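Every chain is numbered from 1, with letters handed out A, B, ... down the list of sequences. Given the structure is predicted, the values throughout are model-derived calculations rather than measurements. Below, each value reflects all heavy atoms present in this structure, side chains not excepted, and no hydrogens, waters or symmetry copies.
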Protein chains: 2
Amino acid sequence: MTIATDTLRRMSTRDRLSQHAARLFAERGYHGTSVADLADALGIRKSSVYSHIGGKEELLAEIALAGADAFHAALDELQGDASPGERLRLAMRAHLSVVNHQLDVATVWLQEWRYLSGPARERFLAERRRYEQRIRTLLRDGVRSGELRTDLDLGHAMLAFLSLGNWAYTWLRQETNVDHAADAFWALLRDGMAPR
Amino acid sequence: MTIATDTLRRMSTRDRLSQHAARLFAERGYHGTSVADLADALGIRKSSVYSHIGGKEELLAEIALAGADAFHAALDELQGDASPGERLRLAMRAHLSVVNHQLDVATVWLQEWRYLSGPARERFLAERRRYEQRIRTLLRDGVRSGELRTDLDLGHAMLAFLSLGNWAYTWLRQETNVDHAADAFWALLRDGMAPR
DNA sequence: CCTACCGATCGGTAGG
DNA sequence: CCTACCGATCGGTAGG
């Protein structure tokens, strides 16, 4: 997400550090971004960055978990009274919306997390598994309601759903109408490419 | 692809260098892999690596273009006498087969290419566009044959097909039956998740 | 948030 | 493929 200059000025140095770190990790990769690059983005000395963080990997962990928060929060807002099929359409909208509006954080969540180690890595993987389970549950509910076929393989269906949602970080652009794209993707997954 | 030790011994140093570079770039990322890491993998000194390459980025370019070769070659082997719908099923098999059997090269092709610069980057992007066009043509042929719906959005359909194929590098494992997974994916894309 | 500094490592070259 | 070496940069610390 692009942040206006006056908004950045009002943010705390710590928050600006996270913003810039997400952007640079997404653009150049975690290993392609130095602490000096982060300091330059903030207009301070490299050593001063360590007044705000314990180490570089701490930033990576924070951003990866911010990605977890964003994707889970988007699912939380789904209408509980909509049909399961409808909720799946809205889930695709929610997912693509996070990818589009928080592309930096989403890119770290999708790609750079692999450089995490220790407990932060375990926490990340747990959040990702939980997200996958939530999508799987929505699909299962769709089968139960009769909107999806009874012989649907939930594992493959979940992988397909998330493949469409996740790979979007490679081609989504600011000007893309994400709701339109999400509806088209869900319609494709639901109805298939063959004539009905 | 895992290479047997005796096979590695029979390969030229240059070829072993490419093998190890693909593996390390895929595992640790391009910026997370040093020339010293490559030298260690070969059991030689860092400076000796430069007897074989002009620079680190040259290896990245070579591996990324090897990915292009692998994906295009897999498509080349498609049966021309099969129906377009059947060719799409085989194209998904071909794509997943490359991802599974050349996971290192595929990972560089899918992820690490973004650290390419200059002409190598342009060549990569041209190959990727050409690959996307080949998939799009297969889909168009499917519409023409009547196997796919006439109102199919070829852009979204191509993105969906490649999303399933590309994201597979994150979850495919050696023991996965890729032909089975590819057939399941293509059946899902063709018939959809809703009952027919 | 600064100056000053640390040992280790970076990609790469010279010359054999 | 080696020894020896280059200047630049790495993540990080001490002490103010």
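In this structure, Leu38(B) atom CG and dG11(C) atom P are separated by 8 Å, rounded to whole Å. The OH atom of Tyr50(A) sits 13 Å away from the P atom of dA14(D) (whole-angstrom rounding). One interatomic measurement links the two molecules: NZ of Lys46(B) to C1' of dG12(C), which rounds to 7 Å at whole-angstrom precision. Straight-line distance from the CD1 atom of Ile53(A) to the C1' atom of dC1(C): 14 Å, rounded to whole Å. To the nearest angstrom, C1' of dT9(D) lies 10 Å from CG of Asp37(A).
In this structure, the nucleotide among dG11(C), dT3(D), dG11(D) sitting nearest to the side chain of Arg45(B) is dT3(D). Distances from the side chain of Ile44(A) to the nucleotides dC1(D), dG11(D), dC1(C) place dC1(C) closest. With dT3(C), dG12(C), dC1(D) as the candidates, the nucleotide lying closest to the side chain of Ser47(A) is dT3(C).
Enclosure of atom CZ in Arg14(A) by more than 12 non-hydrogen atoms of other residues, nucleotides or ligands within 6.0 angstrom is indicated.
Not a single donor-acceptor pair under 3.5 Å links the side chain of Asp15(B) to the backbone N or O of Met11(B).
The aromatic rings of Phe124(A) and Trp113(A) lie parallel to each other, their planes meeting at an angle below 30°, with 60° marking the opposite boundary.
Cluster membership for Leu38(B) and Leu116(B), using ILVMFWY side-chain heavy atoms within less than 4.5 angstrom, is shared.
The phosphate of dC2(C) (OP1 or OP2) has a side-chain N or O of Ser48(A) nearer than 4.0 angstrom.
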